[in-house]
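Lettering follows sequence order; numbering is per chain, from 1.
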2 protein chains.
Amino acid sequence: MSATPVMVPFYGEHQAGITTRQKAHVSFVGLDLLPGTDSRDLAGVLAMLTDDAARLCSGRPPLGALEASSAAAVAGLTVTFGFGPGLFAAAGVAQRCPEGVRSLPAFATDRLDRRWGQTDLLLQLCSDDPTGLAYAQRRLLRDAAHVCELRWVQRGFATTGHEPGEPDDASPRNLLGMRDGSANERDPAQVASVAWCAGPGPMAGGTQLVLRRIRLDLERWDDVDTAAKEMAFGRRVADGSPLSSPAGTSEFTVVDRTASDDQGFTVVPPNSHAARAQARSGSERMLRRGYNYDDGPGADGQRDAGQLFAAYQADIGAAFVPVQRRLAQADALNTWSTHVGSAVYAVPPGAAPGEWVGQALLT
Amino acid sequence: MSATPVMVPFYGEHQAGITTRQKAHVSFVGLDLLPGTDSRDLAGVLAMLTDDAARLCSGRPPLGALEASSAAAVAGLTVTFGFGPGLFAAAGVAQRCPEGVRSLPAFATDRLDRRWGQTDLLLQLCSDDPTGLAYAQRRLLRDAAHVCELRWVQRGFATTGHEPGEPDDASPRNLLGMRDGSANERDPAQVASVAWCAGPGPMAGGTQLVLRRIRLDLERWDDVDTAAKEMAFGRRVADGSPLSSPAGTSEFTVVDRTASDDQGFTVVPPNSHAARAQARSGSERMLRRGYNYDDGPGADGQRDAGQLFAAYQADIGAAFVPVQRRLAQADALNTWSTHVGSAVYAVPPGAAPGEWVGQALLT
């Protein structure tokens, strides 16, 4: 095993796990700092976790690991760090917490369970191999345990393969059977302009993450016929094409909210999800990267399935907030979807060589 | 959507999901029959579930589904049916329940939680695509709901890819970092002789499944050095080779429990897992097909990770029982592993054309 810490500038300009290829599995791990944690404790644990992540993501065992095989099996892991308001406060730099992360307004349709609530620290682990992901997760938790308490783990999955005959770039289907992420920017320059905070300042090259746990009533959704599903979504089930374009059009065609049929009716219903969610301005754009979850029944006998909605943006206040207000007001999908968890994080840029993730932001 | 039930003889001689290629994801779904369920109710629900499974496994929507896209996305799904003693009793043929399934003896190391206990019916769903698996699961549960109550879902995963430089047939690593399944027979004729019940009788071509939920204390395992891990397993971490053979030998080399070093010490410790688990006779052989699980923390705050041990054999009394007795007595791995769940099932052969799974056995 390596004997000395190695600071690997493994993130480059940005942290991985945001604009890099979506993996099949995710663990969002929410941690709270133990009472009394100060900026020095924080610097220590973040340096350690940065080093752990750098090693694990390159298939090497973290410091202190007694054998290398489990780490070698970690396939294309990414680890992404997010900071909640409590972490900025513990670091003594509460004022540096970005405005969009300080407090998220309540929305009329929220039915939030504190169990899935805001935490001080988020670790987002993505991998195509859930066995390697589980190993990395327990090693990171171990090295965080002297400063952090585990609040929750939200595990999700995405379909990464394609059905025969599908386009290679087809968005994966979610548990509703709908293609998910069609409205995302695809041009790398546009993706970057949506995701990354502009400079100057220590958040330049970072982003802001909204993580919502959206429970779906899939049993009732299954009883809705295709036409009604398409009216609720504003898109076709089969190919994801907008109702404003002919069937078979690419899912990436922009939804035309104003198109009307020959009788003058709006083709994409104004309360459809695609219409309500569509950005009304450049600043309302987000990079959505949702995962499905299917948990339970737990000890309480309850089944729980739906979507881990994860969206990255330069400013939550300018993007997620107005969009979610519109959705809470009148999204047809609200009939089947309930937001039961919510947390927001400042995601700092990638670590500079020799630094830990967030060092410039917190010190 | 199809308008009439179609009985598809999709299983052939045997049910799928046992000797077919292991998939990346499994759901073991345990169901109990509602009080008062009689043989006619049972025939009805099994006919329906057989038809659902046949359709879903071929990418077609089950009867009553209102759209086809979600089913089309089901990639290589298998559905395997298992029957507990309660199901035979409800069918009025309690005496046909195979002896090995009637009752499993208690083992000294058992710490069983009723939450993961025996059920009347088991549905085992395997797929490389967890989204498709989730869809199939909810459709099957829906069609079972008038006769069955959901007791538990145990979701597991296996690494199906390989690390660079590994042999193509390398067994996947489990959460302990050890290769899992090395002792399985590999020759198809031998696999068949281990897995399938011989005739005559309605279980011919079927098998018996033991499903154990084995919680692993991974944090403490991580503090064990490689040499001690290898002594506990009787095999090497890196390549799975038995300690009785030189390093680099294939993991499939038979463990020699009697080999001794030049000082006369047994090379494979007698209390190592490989030594204790090794079949002492042909009838002790099982086809092991374990999956990892990594759940929690649940609402109770508890983390829970380990292995879903699934083993198929012609006769549980002749195979699993003596092997597990030996392991309970003195398996070095017992330090880190605890059996917290246990259930056994008769897995009938594949359905004949026009019949439902288990029809010959239950009627």
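Looking at A:R151, the atoms closer than 4.5 Å to chain B (heavy atoms on both sides) all sit in the backbone: N, CA, C or O. A:D222 touches chain B through backbone and side chain together, each having a heavy atom under 4.5 Å away. B:R173 touches chain A through backbone and side chain together, each having a heavy atom under 4.5 Å away.
Under a 3.5 Å cut-off, the side chain of A:R155 and the backbone N or O of B:D294 do form a donor-acceptor pair.
With values rounded to the nearest 0.5 angstrom, B:L175 atom CG is found 6.5 Å from A:R138 atom CZ. In this structure, CG in B:L218 is found 11.0 Å from CD in A:Q137, a value given to the nearest 0.5 Å.
Proximity to chain B among residues 127-135 of chain A is limited to A:D129, A:P130, A:T131, A:A134, A:Y135, judged by heavy-atom separations below 4.5 angstrom.
By number of non-hydrogen pairs under 4.5 angstrom with chain B, the leading residue of A:H25, A:Q154, A:M178 is A:H25.
A:L141 has its side chain out of reach of B:E219: every pair of non-hydrogen atoms, C-beta onward, lies at least 4.5 Å apart.
A salt bridge links B:E67 to A:K229: at least one charged side-chain nitrogen sits closer than 4.0 Å to a carboxylate oxygen.
Across all non-hydrogen atoms, the minimal contact from A:S69 to B:G177 is CB-O, 4.5 Å. Here the shortest heavy-atom pairing between B:G296 and A:V153 reads O-CB, 3.7 Å.
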